[in-house]
Amino acid sequence: MQLSELAEVQMGYAFRSRLEHDPQGDVAVIQMKDIDDEHLLHAQEALRITLPRGKTHHLLQAGDLLFRSRGRSNGAALVGAGIGPAVLAAPMLLIRPQRVLPAYLGWYLNAPTTQNQLTAMAEGTSVRMISAEALKALEIPLPPPELQQHIVQVADLAAREQHLIFRIAAARQRLTTHHLMQLACHTPERAAP
């Protein structure tokens, strides 16, 4: 099925002027910089503003996906529960899943095979961009909900395994370096012949 059949896709909120941080602001503004390379959202670091009245329909909801339409990575970040009042800034795209598990759709969009497809869809010369229309036309396989959930669980376990493997390798490297430094610093010097 095409993404447009499974989710609402729309451009983030287009601000008419330069954003100025307001520490007393009631709304976080999510920008590309608030999503890391692992497609995780860091809303607590977002700039804050006071949203104009009548614009509350732009507020993000748990389960929304925030898609980076420009730049070197075109991944999607899943909005979790408890984000608080926040809006997505253009040129990012808001994907609001309707007939698909949000975590499954996020996993599928971030999968290497899909990322290759998205790279091929990007337009532009200096700044590559994926349009909302191109994203809406992306074909998404739709397994039954229980299989979607299973895929998400297995992908989450695999990601945690990779994280643990990285931490173990880093700890092993530190331990090896520590032991080698002890050998180097505590070995008696030999007299020159």
Side-chain angles (χ1 to χ4, degrees), residues 1-20 25 27-43 45-49 51-81 83-143 145 148 151-152 155:
M1 300 184 90
Q2 290 190 339
L3 180 59
S4 61
E5 299 173 81
L6 302 174
E8 179 185 329
V9 178
Q10 64 187 28
M11 182 67 73
Y13 187 79
F15 291 92
R16 298 187 192 278
S17 61
R18 187 171 182 267
L19 290 171
E20 296 291 334
V27 174
V29 178
I30 307 300
Q31 301 173 73
M32 282 194 253
K33 67 178 181 60
D34 299 314
I35 298 173
D36 67 20
D37 290 339
E38 294 179 4
H39 314 297
L40 298 174
L41 173 61
H42 300 280
E45 300 167 13
L47 181 120
R48 299 197 68 79
I49 62 160
L51 192 66
R53 290 182 185 211
K55 302 294 184 183
T56 56
H57 61 281
H58 289 284
L59 293 177
L60 298 177
Q61 302 171 11
D64 285 346
L65 292 166
L66 313 179
F67 183 78
R68 289 188 280 193
S69 60
R70 289 187 186 174
R72 58 183 169 79
S73 173
N74 298 115
L78 179 64
V79 175
I83 186 175
V87 295
L88 182 66
M92 293 183 67
L93 299 174
L94 172 63
I95 302 170
R96 186 158 285 159
Q98 296 168 337
R99 298 180 51 207
V100 61
L101 259 156
Y104 167 77
L105 183 56
W107 166 80
Y108 187 81
L109 290 172
N110 293 329
T113 305
T114 309
Q115 285 294 302
N116 290 339
Q117 282 182 274
L118 292 168
T119 299
M121 293 166 57
E123 302 168 346
T125 50
S126 60
V127 177
R128 306 283 288 161
M129 182 178 153
I130 297 171
S131 70
E133 293 309 310
L135 187 61
K136 287 177 185 179
L138 182 68
E139 290 289 329
I140 309 288
L142 188 64
Q148 291 178 41
I151 289 168
V152 168

Can you give me the closest heavy-atom contact between [X] and [Y], atom names plus distance?
X: P91; Y: M32; answer: CG-CE, 3.7 Å
X: G63; Y: P97; answer: O-CD, 3.4 Å
X: M92; Y: I30; answer: SD-O, 4.4 Å
X: A86; Y: V27; answer: CA-CG1, 3.8 Å
X: L118; Y: I130; answer: O-CD1, 3.4 Å
X: M1; Y: R99; answer: CE-NH1, 3.3 Å

Would you say that [X] contacts [Y] through its side chain, given a criterion of any heavy-atom pair below 4.5 Å between the two side chains?
X: L135; Y: S69; value: no
X: K136; Y: Q2; value: no
X: L94; Y: V9; value: no
X: E133; Y: S4; value: no

Test salt bridge (charged side-chain N to carboxylate O under 4.0 Å, His left out) applied to R96 - qualifying residues, sequence neighbours left out: D64
In chain order, what residues pass the salt bridge (charged side-chain N to carboxylate O under 4.0 Å, His left out) check against E123, with sequence neighbours excluded?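 Counting only residues at least two positions away or on another chain, E123 forms no salt bridge (charged side-chain N to carboxylate O under 4.0 Å, His left out).
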What's the separation between atom [atom1] in [X] and atom [atom2] in [Y], rounded to the nearest 0.5 Å?
X: N74; Y: T114; atom1: CG; atom2: OG1; answer: 12.0 Å
X: I49; Y: E20; atom1: CD1; atom2: CD; answer: 11.5 Å
X: M121; Y: M129; atom1: CE; atom2: CE; answer: 11.5 Å
X: L41; Y: D34; atom1: CG; atom2: CG; answer: 7.0 Å
X: L88; Y: L93; atom1: CG; atom2: CG; answer: 8.0 Å

For D37, give me all partners under side chain to side chain donor-acceptor pair (under 3.5 Å), at least two apart in sequence or on another chain. R72
Partners of R68 by side chain to side chain donor-acceptor pair (under 3.5 Å), sequence neighbours excluded? H39, S73
side-chain contact (heavy atoms from CB on, under 4.5 Å) evaluation trace for V87 with L59: CA-CA 5 Å; V87 295; L59 293 177; 3.9 Å; yes
For T113, is there any backbone N or O sitting under 3.5 Å from a side-chain donor or acceptor partner on N116? no
So does A46 get a backbone contact from the side chain of Q31, meaning a donor-acceptor N/O pair under 3.5 Å? no
Taking only residues two or more places apart in sequence or in another chain, which ones pass side-chain contact (heavy atoms from CB on, under 4.5 Å) with R128? A122
For residues 101-112, tabulate all N or O donor-acceptor pairs below 3.5 Å that involve a side-chain atom, not counting sequence neighbours.
unit_1	atom_1	unit_2	atom_2	d
Y104	OH	P141	O	2.7
N110	OD1	A76	N	2.7
N110	ND2	A76	O	2.8
N110	ND2	G106	O	3.1

Has Q117 got more than 12 heavy atoms of other residues, nucleotides or ligands less than 6.0 Å from its CD?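 Enclosed: over 12 neighbouring heavy atoms sit under 6.0 Å from CD of Q117.
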